[in-house]
There are 2 protein chains.
Amino acid sequence: MAGGTPAHPGSGPAATLPAVAPRPTLRDVASAAGVHPATASRALNEATRDLVRPATVAKVRAVAKSLGYQVNPIARSLKTSRSETVGVLVPDLTNPLFPPIVRGVEDELGGSGYTVLTANTDNDPARTSANFAAMQARQVDGFIVLTALLEDPLMQDAAERGVPMVLVNRLTERLDVSAVAGDDASGIARTVDHLVELGHRDIAHVAGPLTVSTGVVRERAFRESMRRHGLRDDRVVVTDVYSEAAGRTAMLGLLDRDRPTAVVGGNDLLAIGCYDALEETGLSCPDDVSVTGFNDMPLMSRLRPPLTSVRVPQYELGVEAARLLLDRLSGRTVTPRVVLLPVTLVVRGSTAPPPRVGA
Amino acid sequence: MAGGTPAHPGSGPAATLPAVAPRPTLRDVASAAGVHPATASRALNEATRDLVRPATVAKVRAVAKSLGYQVNPIARSLKTSRSETVGVLVPDLTNPLFPPIVRGVEDELGGSGYTVLTANTDNDPARTSANFAAMQARQVDGFIVLTALLEDPLMQDAAERGVPMVLVNRLTERLDVSAVAGDDASGIARTVDHLVELGHRDIAHVAGPLTVSTGVVRERAFRESMRRHGLRDDRVVVTDVYSEAAGRTAMLGLLDRDRPTAVVGGNDLLAIGCYDALEETGLSCPDDVSVTGFNDMPLMSRLRPPLTSVRVPQYELGVEAARLLLDRLSGRTVTPRVVLLPVTLVVRGSTAPPPRVGA
DNA sequence: TACCAGGCTGCATTCGTTTGCAAGGACAGC
DNA sequence: GCTGTCCTTGCAAACGAATGCAGCCTGGTA
């Protein structure tokens, strides 16, 4: 495999560099084509190419291709203060929810020649702010933000300074920027409907952190749905982070008090935590307690039992966010838009009718 | 949520920009501190700060802080032709195997002030090559490559041109570059040992593509392990991509011929595909056929049944790769090193003794 | 034939930093 | 007291591309 023996036994460890041919510069192209660098620049640039005589354009382009010329994005950025780069702030790529979104962003943006800079913030405002600043220093043209807090001074401030950005999944209150998310409220409503139809009455909710929009929106939707069915809406445990551990703890707390027959998880990770708690206490899902998730991350259909969850079109979320940002960057659209993508409830093995009371 | 009503009802849609204060430049700092820009540059730069009188350094730094000065990485890159950025080439972030590795890379590199540029190649040489070139144009200082083919002209070429890079997980033959991977051979050996101990004799292998090192190394290790136990080593089906679909197809093929009592999957996705095939044909895992995976991706312990798999320290793989690259970039180390990290077999519910023949 | 208008192209500056070179000052040694 | 040597700092030229402005040439018109 790699590194067994050097490819070139003779050449020492990079002692004499093979005199790497320097990339041709615009000046090289110009002189080879017999024109001024300024002309070459205009000929190569799509926006200015019609300032140049067609014959000259052709010549310059031919020479550029034969020399293998590529613009130096660094130099261009310095001059134009743009970078054809957008920054993506994501809580944690290790959370299976995010990679599909990021891929959607990358694919869509890549198609328009943009490069993507990703950073993990671990929900830490300090890291978020540091990464944000670093990306701004690198002249990113805009941001795709998956980490927005409900009250987010950083984003608020950036938005007011006119920084182009699009929020994804997690939104912010009273903020005049474009955003795209799944229709969380309707997803929760469908979930509650489903459980009620199965016969459940004692339904609890393990809510995500109320510092992010997904947490409050889903929690509010849960309460409303329950009231709509004339059921108690106060069986809610709030967690402070979307994680399996938090879900487990919350569920143990619920089981300790009056055990519900069904639990609506704030997201899939919390639901998995509920599985853990049930297993520890010797209860069965779905025989004793039904559990539902949210997002329908990859592999959710293969859990034990397969998780009933709300499918959110993650990839499309990313694609749509990228589109909104592109619109904004191209100057076409200037008024912010909020897009809610439809979600669907996927019923699997983790939900079943409640156990018979008399049994 | 976002976009309900504008934060500033009065201000039109970004009609009059609030005259964003331009970032202070080095010149601003210099004149505010009463020194020449060159001096300011030296004072701010860690490497050159001892060329400047301590009192001057202090003054410049104070002024810089009060002005909120930050170097412009673009301008610096243009001058130094370095960028404090490294490129990461990954097949597909959506594959749960990779995010932990990438996070390891980001965390380690970020600690040294480097920024990470990620690109998905989808195992497509054309996309790989395009991304590679784009990153080089952006002056990345080095590469972390998770996409290497066993025979990889692109990487070969880059390595010979002296481009700093580290291969992760997938290695390349006869290539004199640093690399880090799990000890695949030993992982497979342990797996086969385990199955043999359980009593299996008819063991098959669903191998990954033989175009990447993981495919051939694991396949070779499988054959050797089988021979070591005096068993048939020719029950191997080779797939052309690591995916659930490929695993399913391969498994169906195996079941069609003489059914083995155990299958060693080339990785977890292939193993999951085997689950599918078994379920379709009405067979039970592990009662009829035992199945094992490789990598032990997140959630593997929660599958139905929980998957016996070889745990590879993914995050550490990324960290170690980043370290090797940092060493190379700092000029400390110049001779390539290949690091194999130890792996462990995690036994779960997908492996059991073979069914009784007479039964 | 002379003049004017456009269409193309060249010139020079600029973006913000880094860095080789040189000049200035201070201090010590003789 | 003069010269030599550091130690600091300033000067100016890059890095590679974009762009306002000016000038050239051509063609059309009076």
Side-chain angles (χ1 to χ4, degrees), chain A residues 20-61 63-64 67-85 113 134 136-141, chain B residues 20-61 63-64 67-85 113 136-139 141:
Chain A
V20 175
R23 323 174 62 81
T25 153
L26 190 56
R27 219 197 301 296
D28 298 334
V29 174
S31 68
V35 300
H36 192 271
T39 306
S41 168
R42 284 188 274 253
L44 262 12
N45 231 310
E46 221 41 68
T48 49
R49 81 179 273 182
D50 47 353
L51 292 176
V52 177
R53 188 158 50 101
T56 311
V57 172
K59 183 171 47 171
V60 171
R61 298 210 157 196
V63 171
L67 259 52
Y69 171 77
Q70 278 182 233
V71 298
N72 181 329
I74 307 276
R76 172 181 297 191
S77 288
L78 180 58
K79 184 65 182 144
T80 62
S81 12
R82 284 177 298 99
S83 64
E84 306 274 88
T85 296
Q136 281 218 107
R138 282 198 150 73
Q139 308 269 40
V140 298
D141 299 336
Chain B
V20 175
R23 323 172 62 79
T25 153
L26 190 56
R27 218 194 302 294
D28 299 332
V29 174
S31 68
V35 299
H36 192 273
T39 306
S41 167
R42 283 188 274 251
L44 262 12
N45 231 310
E46 220 41 66
T48 51
R49 87 179 266 183
D50 47 353
L51 291 176
V52 177
R53 190 158 49 101
T56 312
V57 170
K59 182 171 47 172
V60 170
R61 297 210 159 195
V63 171
L67 259 53
Y69 170 78
Q70 280 182 232
V71 298
N72 181 328
I74 308 277
R76 174 182 293 192
S77 287
L78 179 59
K79 186 62 184 156
T80 63
S81 37
R82 285 177 298 101
S83 62
E84 305 275 272
T85 295
Q136 283 218 102
R138 282 196 148 74
Q139 307 269 43
D141 299 335

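Labels below follow one simple rule: chain letters A, B, ... track the order of the sequence lines, proteins then strands, and each chain is numbered from 1. In what follows, every heavy atom counts, from backbone to side chain, and hydrogens, waters and symmetry copies are set aside.
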* Asked: Between which nucleotides of DNA chain C, read 5' to 3', does contact with chain A run, using atoms under 4.0 Å from its heavy atoms?
  ->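 That gives a stretch of C:dC8 to C:dG16.
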
Which atoms form the tightest heavy-atom contact between [X] and [Y], and what is the distance?
X	Y	value
B:Arg138	A:Ile74	O-CD1, 3.8 Å
A:Ala137	B:Asn72	O-OD1, 4.3 Å
A:Ala43	A:Val52	N-CG2, 4.0 Å
A:Ser77	A:Ser83	OG-CA, 3.3 Å

* **First-last contacting nucleotides on DNA chain D - partner chain A, under 4.0 angstrom, heavy atom** => D:dG16 to D:dG20

Note, [X] side chain near [Y] side chain (heavy atom, < 4.5 Å):
X	Y	answer
A:Tyr69	A:Val63	no
A:Ser81	A:Gln139	yes
A:Leu44	A:Val71	no

Going by atom type alone, with no hydrogens or angles, which donor-acceptor pairs under 3.5 Å involve a side-chain atom of residues 26-36 of chain B and a protein atom two or more places apart or on another chain?
{"from": "B:Asp28", "atom 1": "OD2", "to": "B:Thr25", "atom 2": "N", "distance (Å)": "2.8"}
{"from": "B:Ser31", "atom 1": "OG", "to": "B:Arg27", "atom 2": "O", "distance (Å)": "3.4"}
{"from": "B:Ser31", "atom 1": "OG", "to": "B:Asp28", "atom 2": "O", "distance (Å)": "3.2"}
{"from": "B:His36", "atom 1": "ND1", "to": "B:Ala38", "atom 2": "N", "distance (Å)": "3.0"}

* A:Leu51 near the nucleic acid: base, sugar-phosphate alone, or nothing, with a heavy-atom cut-off under 4.0 Å? -> base

* Base, sugar-phosphate alone, or nothing: which one does B:Gln70 contact when heavy atoms must sit under 4.0 Å apart? ->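 Counting heavy atoms under 4.0 Å across all strands, the contact made by B:Gln70 is with sugar-phosphate only.
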
* Separation of B:Lys79 NZ from A:Leu78 CG (nearest 0.5 Å) ->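 Reported value, rounded in 0.5 Å steps: 12.0 Å.
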
* Separation between CZ of B:Arg76 and CZ of B:Arg82, rounded to the nearest 0.5 Å -> 8.0 Å

* Starting at the 5' end of DNA chain C, which residue's closest nucleotide do you reach first, B:Leu78 or B:Ala38? ->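 Counting from the 5' end, the first nearest nucleotide belongs to B:Leu78.
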
* To do: Can you tell me which residue pairs pass the salt bridge (charged side-chain N to carboxylate O under 4.0 Å, His left out) test with a partner in residues 33-55 of chain A, sequence neighbours excluded?
  => A:Glu46-A:Arg49, A:Glu46-A:Arg61

* Asked: Which ones in residues 25-36 of chain A lie close to DNA chain C, meaning a heavy atom under 4.0 Å from one of its atoms?
  ->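 Within residues 25-36 of chain A, the residues near DNA chain C are A:Val35, A:His36.
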
* To do: Take B:Lys79 and B:Thr56, find for each the nucleotide of DNA chain D with the closest heavy atom, and name the residue whose nucleotide sits nearer the 5' end.
  =>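 That would be B:Thr56.
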
* Report the end-to-end axis angle of the helix from C:dT1-D:dA30 to C:dC30-D:dG1; each axis comes from five terminal pairs, and the value is rounded to 10°. =>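 Axis-to-axis angle, ends of the helix: 60°.
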
